Structures are given as structure tokens and as C-alpha cells.
Number of protein chains: 2
Amino acid sequence: MPKVGMEPVRREQLIKATIESVAELGLQGTTINSISKKAGLSSGIISHYFGGKQGLIEATVRYLLSNLKVELMAKAGPNTSPEQRLMYIVEANFALVQQRKDTTRTWLSFWAQSMHDPELHRLQNVNSNRLYSNLASSFRQLMSVENAKRAAQLSAAMIDGLWLRAVLSQSDTDQFKHSEELAKDYVRSLISQYGA
Amino acid sequence: MPKVGMEPVRREQLIKATIESVAELGLQGTTINSISKKAGLSSGIISHYFGGKQGLIEATVRYLLSNLKVELMAKAGPNTSPEQRLMYIVEANFALVQQRKDTTRTWLSFWAQSMHDPELHRLQNVNSNRLYSNLASSFRQLMSVENAKRAAQLSAAMIDGLWLRAVLSQSDTDQFKHSEELAKDYVRSLISQYGA
DNA sequence: TTTTATTAATTGAACGTTCAATAAAAATAA
DNA sequence: TTATTTTTATTGAACGTTCAATTAATAAAA
């Protein structure tokens with residue numbers, strides 16, 4: 001069976017199986033067996049490539065965060081207007097849903113766990129701060145520093161809140177799309193409210 | 001040791017120990033041992049009063065939800081103005097934090113788990129819908145049905161979002177207070193935006 | 001004494017980790 | 001080319017631990 005250069009393939013295979021398992025069974029219900037079974041591999045392979053279950057969990061979070069980052073950078077270029085850039089930020093934060101429905105549930109599970117896991121908490125903070133910074137620097141081009149900070153704080157909360165309620169109510173893709181529109185409207189209203 | 005009528009005492013004792021344990025160790029790390037140790041009781045007592053761990057978990061969620069309900073009803077009376085009532089709703093949703101710092105973390109853990117536990121999901125939905133209804137009926141007295149629905153949806157998301165970000169960033173009481181003020185400001189801005 | 005309340009000990013299932021064994025591929029030598 | 005050795009990839013059984021649940025024993029109150 002063994003071919004060379006399997007490592008990147010297996011790593012991705014196992015990370016995707018982890019996302020599926022956590023979405024389906026929760027972080028509590030996810031075991032080394034549930035993951036390896038989904039991946040069609042043996043349980044031992046997890047320790048071999050990730051050192052253990054914890055290592056795979058953390059690699060999965062990094063994978064999700066990195067996808068979010070890529071999503072945003074792919075859309076916005078250097079000539080994007082501040083308004084358009086803000087819309088892209090909102091879109092990027094709702095985009096993962098469309099790609100993979102199960103991603104949203106997985107994300108929330110990791111959020112909850114981050115309160116009790118220092119490394120997960122660190123990763124989650126990086127992401128949270130990036131959302132805030134991205135918003136703040138775009139708003140800054142349209143309003144004062146103080147107002148930009150406030151607008152960034154409020155729209156970050158609105159994005160997370162709409163997203164959270166959509167996940168928890170087990171909404172379909174259409175409802176996520178609706179939430180995305182509400183978030184965009186809100187960002188626009190902040191611009192016209194504080195905008196110079 | 002055995003005295004009669006211990007049941008309500010023990011039940012509350014165990015529920016409070018559960019809140020503490022979940023806040024400290026997470027839902028994953030919480031065992032019947034960690035709970036019973038915190039309560040200063042034996043582990044067997046949990047099965048005796050709650051049928052098992054799952055029963056205690058669900059009772060704890062009901063306890064938290066019931067507290068939230070009581071919090072709101074205690075403040076608002078029949079003569080409360082719609083504006084004032086809306087402020088009370090916001091306050092009630094941030095109030096649990098001030099009482100017990102650990103409650104917030106516990107709440108988020110239960111939220112995440114509700115995606116994989118039908119009974120928890122049911123309870124969480126009841127609560128989510130109540131927040132929405134309370135907001136919508138108060139907004140209704142100040143604006144059209146359509147606008148009231150929209151305002152309720154947006155302010156519910158804003159409350160949850162601000163609350164979530166405060167919990168995840170492990171904020172202190174002052175920052176929760178600040179988030180509460182932001183939520184109130186937002187509700188006021190919705191009134192002046194849509195208000196007749 | 002009987003009932004109620006509680007503990008302490010025990011059980012068995014489930015879990016993550018480890019590791020010896022194996023199989024295929026690649027590298028080297030004949 | 002063919003034969004041999006080495007490396008890489010993977011498996012799955014065994015081990016020790018942890019957990020929830022159960023059971024029997026105990027202690028106090030009625």
C-alpha cells in the first residue's frame with residue numbers, strides 16, 4: 001500500500017474527517033475511532049501524523065482559520081474601495097458555510113472548547129482580532145478613529161451574533177444568505193451614520 | 001447524616017456544583033466525580049437525584065434558563081414603557097454575568113452541546129424564541145410589524161454577539177458592563193431609526 | 001424497627017496511546 | 001535485469017486509564 005509522499009494527502013484526509021465527525025457527533029462524541037473510520041484509515045495513523053488526538057484537533061482549527069484568511073485575501077485587492085472591502089469581510093465570514101455546511105457546527109464546538117484549551121484560545125483570539133482589525137482599518141478610511149473603532153466593534157459583534165443564531169437554529173443555506181444580507185445592511189448603516 | 005426533605009437542598013447544591021465544574025473544566029472535562037467533589041457529596045448521589053449525569057446536565061440548563069426568565073419578570077411591570085422594557089430585556093441578558101462570573105462560560109458550553117443533544121436544543125430554542133418575542137412585542141408598540149420584526153432580529157443578534165465576544169475574550173465585569181451599554185445604545189438607535 | 005439519605009466499593013464499557021508486525025515502494029547491488 | 005536491502009507507510013491488537021452507573025453497606029431520623 002505505501003506510496004511515498006502520502007503525508008500531505010493523509011493530513012488533509014484526517015483533518016476533513018475531523019471536521020465531519022465534530023459536526024456530526026460534537027467534540028465530546030468525536031473519538032480517534034470515529035475520525036479514522038470516516039477517513040477510511042486506521043486509528044494508529046493519527047498519532048503517527050499528528051502526535052495524538054489533541055494535535056489533530058489543533059491542526060483542524062488552524063486549517064479552518066487559514067481558509068477564512070484565504071477567503072478574504074482572494075476577494076479584496078489593493079484597489080478595492082473601503083465600502084467594497086467591508087462587504088468582502090462580511091462575505092468571507094459567511095462564506096465557509098456555503099462551501100461546507102458542517103463547518104459551522106464544527107467552528108462553534110471549537111469556540112466553546114477554546115475557553116478550556118490555551119492553544120485553541122490563542123488561535124481563536126488571533127482570528128477575532130483579525131476580524132476587528134480588518135473592519136477597523138476599512139472603517140477608518142471613512143470616519144474618525146474613534147468612530148471607526150466603535151463601528152468595528154459593533155459590526156464584529158453583529159456578524160458573530162447573526163452567525164451564531166443561524167448555526168444554533170440549524171438554519172439552511174438560504175437563511176445564512178439572509179443573515180449575510182442583514183450584516184451587510186448594518187455595515188452600510190454604520191457608514192452612513194458615522195461617515196464623514 | 002440523613003435528614004428529611006434534603007431533596008431540594010441537594011438538587012440545588014449539585015446544580016451549582018455543575019455550573020462551577022463546567023465553567024472551570026468545560027463540558028468535556030466535567031465528570032460526576034468533579035461535580036460531586038465540588039458539592040462535597042458522593043458521586044452516587046447524582047444518579048439518585050437526577051437519574052444520571054445527563055439528567056443533571058439538563059436540570060442545570062433549565063435552572064439557568066429559569067433564572068433568566070425570573071430576572072426579566074422581576075424588573076418589568078405592567079406599566080413599564082416599551083423603551084424601558086427593552087432596556088430591561090438587555091439588562092436581564094447581561095445580568096447573569098454579574099451574579100456569577102462562571103455562568104457565562106457554562107452557558108456557552110451548553111450552547112455548543114445543544115447542536116448534538118435534542119433536549120438541550122429544544123431548551124435553547126425556547127430561550128432564543130423568548131428573547132426574540134420579548135423584543136418584537138416591545139418594538140411593535142413603537143413601529144410597524146415589519147420593522148419590529150427586523151429590529152427584534154437585529155437586536156437579538158447584537159446582544160448575543162456582544163455577549164459571545166465578551167465571554168470568548170475572557171473579559172472582566174467592566175467589559176461586560178461596556179457591552180451592555182453598547183447593546184442598549186443599539187436598541188435606542190433602532191427605535192429612532194424605525195420608530196413612528 | 002423501618003424508612004430515608006448517603007457513601008464507598010465495584011463493574012464494565014469506552015477511550016487514547018503505544019508498539020510490534022507487515023506490506024509496499026524505493027534504493028542499491030549483483 | 002534481477003535480487004537484496006532499506007525506507008516509508010500503515011495496521012490493529014494490547015495496555016492502562018477514566019468514566020458513568022450500579023450495588024451493597026451504613027448511618028441517622030422517624
Side-chain angles (χ1 to χ4, degrees), chain A residues 1-61 106 109-110 113 116-120, chain B residues 1-61 106 109-110 113 116-120:
Chain A
M1 295 168 196
K3 273 184 285 189
V4 240
M6 280 290 99
E7 183 165 337
V9 177
R10 295 295 179 230
R11 287 181 78 95
E12 184 161 0
Q13 212 176 345
L14 289 167
I15 285 172
K16 287 189 171 170
T18 305
I19 294 172
E20 281 176 38
S21 176
V22 174
E24 190 178 318
L25 309 166
L27 208 48
Q28 288 235 56
T30 292
T31 68
I32 275 195
N33 272 313
S34 74
I35 296 169
S36 55
K37 199 173 175 184
K38 261 187 200 301
L41 297 166
S42 77
S43 60
I45 205 79
I46 288 171
S47 291
H48 183 251
Y49 283 122
F50 294 97
K53 188 191 180 187
Q54 183 66 12
L56 175 53
I57 296 291
E58 286 169 12
T60 304
V61 173
T106 309
S109 291
F110 288 144
Q113 186 60 19
H116 311 283
D117 182 325
E119 177 62 6
L120 253 50
Chain B
M1 292 174 196
K3 275 183 284 190
V4 241
M6 279 289 97
E7 183 164 337
V9 178
R10 295 292 180 234
R11 288 182 78 95
E12 185 161 1
Q13 216 175 342
L14 288 167
I15 285 172
K16 288 189 170 171
T18 304
I19 294 173
E20 282 176 39
S21 176
V22 174
E24 190 178 317
L25 308 167
L27 208 49
Q28 288 235 54
T30 291
T31 67
I32 57 170
N33 269 315
S34 73
I35 296 169
S36 56
K37 200 174 175 183
K38 264 190 198 298
L41 298 165
S42 77
S43 63
I45 206 79
I46 289 172
S47 291
H48 183 250
Y49 282 122
F50 294 95
K53 189 192 180 187
Q54 184 65 12
L56 175 53
I57 296 291
E58 286 170 11
T60 303
V61 174
T106 309
S109 290
F110 289 144
Q113 187 59 21
H116 312 282
D117 182 325
E119 176 63 6
L120 253 49

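Here the structure is a predicted model, which means the values were calculated and not measured.
For A:Ser42, taking side-chain heavy atoms from C-beta onward, the closest of the listed nucleotides C:dT6, D:dT11, D:dA13 is D:dT11.
Atoms CD and OH, on A:Glu12 and A:Tyr49 in that order, are 13.5 Å from each other to the nearest 0.5 Å. Note: B:Leu56 CG to B:Ile15 CD1 = 6.5 Å, rounded to the nearest 0.5 Å. Here CG of B:Leu25 is found 10.5 Å from CD of B:Glu20. Values are rounded to the nearest 0.5 Å.
Counting non-hydrogen atoms under 4.0 angstrom, B:Gly52 reaches the backbone sugars and phosphates but no base. At the heavy-atom level, B:Thr30 lies under 4.0 Å from the strands shown only through sugar-phosphate atoms. Contacts of B:Phe50 with the nucleic acid, taken as non-hydrogen atoms under 4.0 Å apart, are absent. If you check every strand for non-hydrogen atoms under 4.0 Å, B:Ser47 touches a base. Nucleic acid contact for A:Ile46: none, since no nucleic acid atom lies under 4.0 Å from a heavy atom of the residue.
We find that CG of A:Leu41 is positioned 7 Å from P of D:dT10, with the value rounded to whole Å. Following rounding to the nearest Å, B:Ile32 (CD1) and D:dT18 (C1') show an atom-to-atom distance of 11 Å. Between the NE2 atom of B:His48 and the P atom of C:dT7 there is a distance of 11 Å, rounded to whole Å. Across the protein-nucleic acid pair, A:Lys53 atom NZ and D:dT18 atom P stand 15 Å apart, rounded to whole Å. Regarding A:Ile45, its CD1 atom lies at a distance of 5 Å from the P atom of D:dT10, rounded to whole Å. When the P atom of C:dC15 is taken as reference, atom CD1 of A:Ile35 falls 12 Å away, rounded to whole Å.
Along DNA chain C, the nucleotide closest to A:Gly51 and the one closest to A:Gly29 are compared, and the more 5′ of them pairs with A:Gly29.
Looking at A:Ser42 and A:Ser36, their side chains never bring a donor and an acceptor atom within 3.5 Å of each other.
For D:dT10, one of the phosphate oxygens OP1 or OP2 lies less than 4.0 angstrom from a side-chain nitrogen or oxygen of A:Arg10. Side-chain nitrogen and oxygen atoms of A:Tyr49 include at least one within less than 4.0 Å of the OP1 or OP2 phosphate oxygen of D:dT10.
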